[in-house]
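First comes the structure, then the notes that go with it.
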Amino acid sequence: MSVKAYGAYAADKPLEAITIERRAVGAHDVQIAIAFCGVCHSDLHQVRSEWDGTQYPCVPGHEIVGHVTAVGDHVSKFKVGDTVGVGCMVDSCQSCASCDEGLEQYCETGFVGTYNGKTDDAPGHTLGGYSQSIVVKDDFVLKVSHAPEQLAAVAPLLCAGITTWSPLRHWQAGPGKKVGIVGIGGLGHMGVKLAHALGAHVVAFTTSESKRQDALALGADEVIVSRNADEMAAHAGSFDFILNTVAASHDLDAFTALLKRDGTLTLVGVPEHAHPSPNVAALIFKRRSIAGSLIGGIAETQEMLDFCAEKGIVAEIEMIAAQDIEDAYARMQKSDVKYRFVIDNATLAG
C-alpha cells in the first residue's frame with residue numbers, strides 16, 4: 001500500500017514529501033491510520049546521521065497515535081476503530097514479546113526500532129510515524145484510553161513518557177522519596193509530571209531562571225537553578241534519586257554530590273560527545289551510583305499509558321504541519337519549544 005510520508009534521502013538533505021510502501025496486513029498485524037506523531041530529538045539525531053547507522057530514505061517518528069483500520073486473522077486484542085499507540089519498537093524476538101517483565105529494550109538479541117530498524121519489508125529498514133499509516137505486529141501495539149481531544153498530547157507519552165516512567169518506577173520514586181529531574185524539556189517536563197503523580201517530593205533542575213515558574217506549574221515542589229552554586233550546595237547529600245534528561249555533555253559531579261548514601265543518578269539523554277569522567281571518590285565513599293535507562297518494555301509502556309489516562313496526564317505540546325518539520329528541528333535545537341512538537345498527520349495529505 002502506498003502512503004504519503006515525510007523523510008530524507010541523505011544526512012545533508014532536508015525532509016521532504018515522499019511516497020512509501022507499507023506491507024499488506026499479515027495474520028498478526030495491525031494497520032493504523034496515524035493521527036498524530038510526536039517529534040523526538042532522536043529523530044533529528046538519526047535523520048542527520050549524528051548517530052551511526054542511519055539508512056535512507058529515513059522516515060522518522062516513534063511517538064505514534066491513531067486508529068486501527070485493519071487487523072490480521074489471528075489478532076484478538078484489537079479491532080477496527082480502536083484508538084492505539086506505537087512507541088519506539090515494532091518487533092523483537094517472540095520470547096521478548098511476552099516477557100513477564102516487559103524488558104524488550106534490553107533483549108540480548110535486540111529489538112526492531114519503529115524506524116531505521118532492520119526488516120524484510122522494502123526498503124530493508126523500518127519507516128516511522130511521519131507518515132499516513134503504519135503496519136505493526138499486534139504485540140507491539142498499545143491501547144490508548146485518553147479522551148479523544150487529548151490524543152495529540154498523548155503521542156509524546158510513547159517516548160518521552162515511557163523514557164522517564166521506566167527509571168522512576170525502577171528506582172521506586174514515590175511517597176517519602178526526594179527525586180530530582182534535571183532538564184525541563186521534552187523528557188524533563190514529563191519526568192516532573194510523572195514523579196509528582198507518583199507522590200515523590202520533586203525538585204526540578206534548570207539552567208534558566210526563566211523556567212522556575214514553569215517547573216512549579218508542571219508539579220515540581222522546588223526548583224534549583226543549577227548554575228547557582230549556593231542553591232546546589234543547599235541540597236548536598238539529600239536526594240534518593242536524580243533523573244538526568246539532558247542530552248548534552250556536562251559535568252555529572254555536581255549532581256552526584258547531591259545524592260544520599262546509596263542514591264542513584266540515572267541518565268536517559270545520549271550526548272553527542274561523552275560526559276567528562278566522573279569523580280570516582282564521590283561514588284565510592286557514599287556507595288552512590290551512576291546508571292542509565294533506555295525506553296521501556298511494552299507491558300511497562302501500557303502501564304504508563306493507563307496511569308496517565310487515570311491521572312489525566314498528557315504532554316505539553318505545540319502542533320505543527322508536516323511541512324514545518326525543518327523549522328521545528330531548528331527551534332528544537334535552540335530549546336525553543338514547550339515542550340514537544342507534534343505533527344498533525346492530516347497535513348500529509350496536502
- Hey, is the main chain of L127 close enough, under 3.5 Å, to the side chain of S131 for a donor-acceptor pair? no
- Note on the structure: Only residue of V39, L44, N116, V47 satisfying side-chain contact (heavy atoms from CB on, under 4.5 Å) with P60 is V47
- Message: Tell me whether Y115 shares a hydrophobic cluster with I64, the cluster being built from Ile, Leu, Val, Met, Phe, Trp, Tyr side chains joined at under 4.5 Å.
- Response: no
- Task: Please check if atom NE2 in H146 has more than 12 non-hydrogen atoms from other residues, nucleotides or ligands closer than 6.0 Å.
- Result: yes
- Shortest non-hydrogen contact from D138 toward K77: O-NZ, 3.7 Å
- Message: Between T301 and G297 (side chain of the first, backbone of the second, donor and acceptor by atom type, cut-off under 3.5 Å), is there such a pair?
- Response: yes
- Task: Just say parallel, tilted or perpendicular for the rings of F205 and F255, cut-offs at 30° and 60°.
- Result: perpendicular
- Classify the side-chain pair D139/H28 by whether it contains a donor and acceptor separated by less than 3.5 Å. no
- Please name the pair of heavy atoms, one in R169 and one in L198, separated by the smallest distance, quoted to 0.1 Å. CD-CD2, 4.3 Å
- Evaluate the side-chain proximity of N244 to H250: yes if any heavy-atom separation is below 4.5 Å, no if none is. yes
- For the pair K311 (side chain) and A197 (backbone), establish whether a donor and an acceptor sit closer than 3.5 Å, ignoring hydrogens and angles. no
- Which of these, D82, V75, V90, V30, sits in a side-chain contact (heavy atoms from CB on, under 4.5 Å) with V141? V30
- Task: Would you check if the side chain of T264 reaches a backbone N or O of F241 as a donor-acceptor pair within less than 3.5 Å?
- Result: no
- If only atom types and distance count, is the side chain of T206 paired as donor or acceptor with the main-chain N or O of I184 below 3.5 Å? no
- Message: For R22, is there an ion pair with D121 - N to carboxylate O distance below 4.0 angstrom?
- Response: no
- Query: Taking S293 for the side chain and V268 for the main chain, is one N or O donor matched with an acceptor at less than 3.5 Å?
  - Reply: no
- Message: Please determine whether a side-chain nitrogen of the Lys or Arg among D240 and K177 lies less than 4.0 Å from a carboxylate oxygen of the Asp or Glu.
- Response: no
- Any donor-acceptor N/O pair, D344 side chain to I320 backbone, under 3.5 Å: no
- Just checking, any donor-acceptor pair under 3.5 angstrom between side chains of S208 and S210? yes
- Item | Reference residue L142; test side-chain contact (heavy atoms from CB on, under 4.5 Å); the match among L158, V86, V84 | L158
- Task: Look at D214 together with K338 and state whether they make a salt bridge at an N to O cut-off of under 4.0 Å.
- Result: yes
- Note on the structure: Between L151 and A35, the two heavy atoms sitting closest are CD2-CB, 4.3 Å
- Query: Which heavy atom in V59 sits nearest to a heavy atom in Y130, and how many Å separate them?
  - Reply: CG1-O, 3.7 Å
- Salt-bridge present (R48, E326; N to O < 4.0 Å): yes
- Mind running side-chain hydrogen bond (donor to acceptor under 3.5 Å, both in side chains) on D221 and H196 for me, showing each step along the way? CA-CA 8 Å; D221 297 289; H196 172 76; 4.9 Å; no
- Assess the side chains of E222 and H201: does a donor N or O sit below 3.5 Å from an acceptor N or O? yes
- Take atom CZ of R23 as the centre, draw a 6.0 Å sphere, and report whether it contains more than 12 heavy atoms from other residues, nucleotides or ligands. yes
- Task: Indicate the atoms forming the closest heavy-atom contact of V25 with V71, along with that distance.
- Result: CG1-C, 3.8 Å
- For the side chain of E63 and the backbone of C37, is there at least one donor-acceptor N/O pair under 3.5 Å apart? no
- Determine whether more than 12 heavy atoms belonging to other residues, nucleotides or ligands lie under 6.0 Å from atom CD of E318. yes
- Under 3.5 Å: donor-acceptor pair, side chain of N228, backbone of V225: no
- Under 3.5 Å, is there a donor-acceptor pair between the side chain of R340 and the main chain of I317? no
- Task: Answer yes if the side chains of K178 and S238 hold a donor-acceptor pair under 3.5 Å, and no otherwise.
- Result: yes
- Message: Can you tell whether the side chains of E303 and K143 come within less than 4.0 Å, N to carboxylate O?
- Response: no
- Note on the structure: Test side-chain contact (heavy atoms from CB on, under 4.5 Å), reference H275, set V246, L252, D251, output is L252
- Test applied, side-chain contact (heavy atoms from CB on, under 4.5 Å); reference residue, T126; option that passes from I134, D91, V112, T114: V112
- Note on the structure: On a heavy-atom basis, the closest approach of S42 and H62 is OG-CE1, 3.2 Å
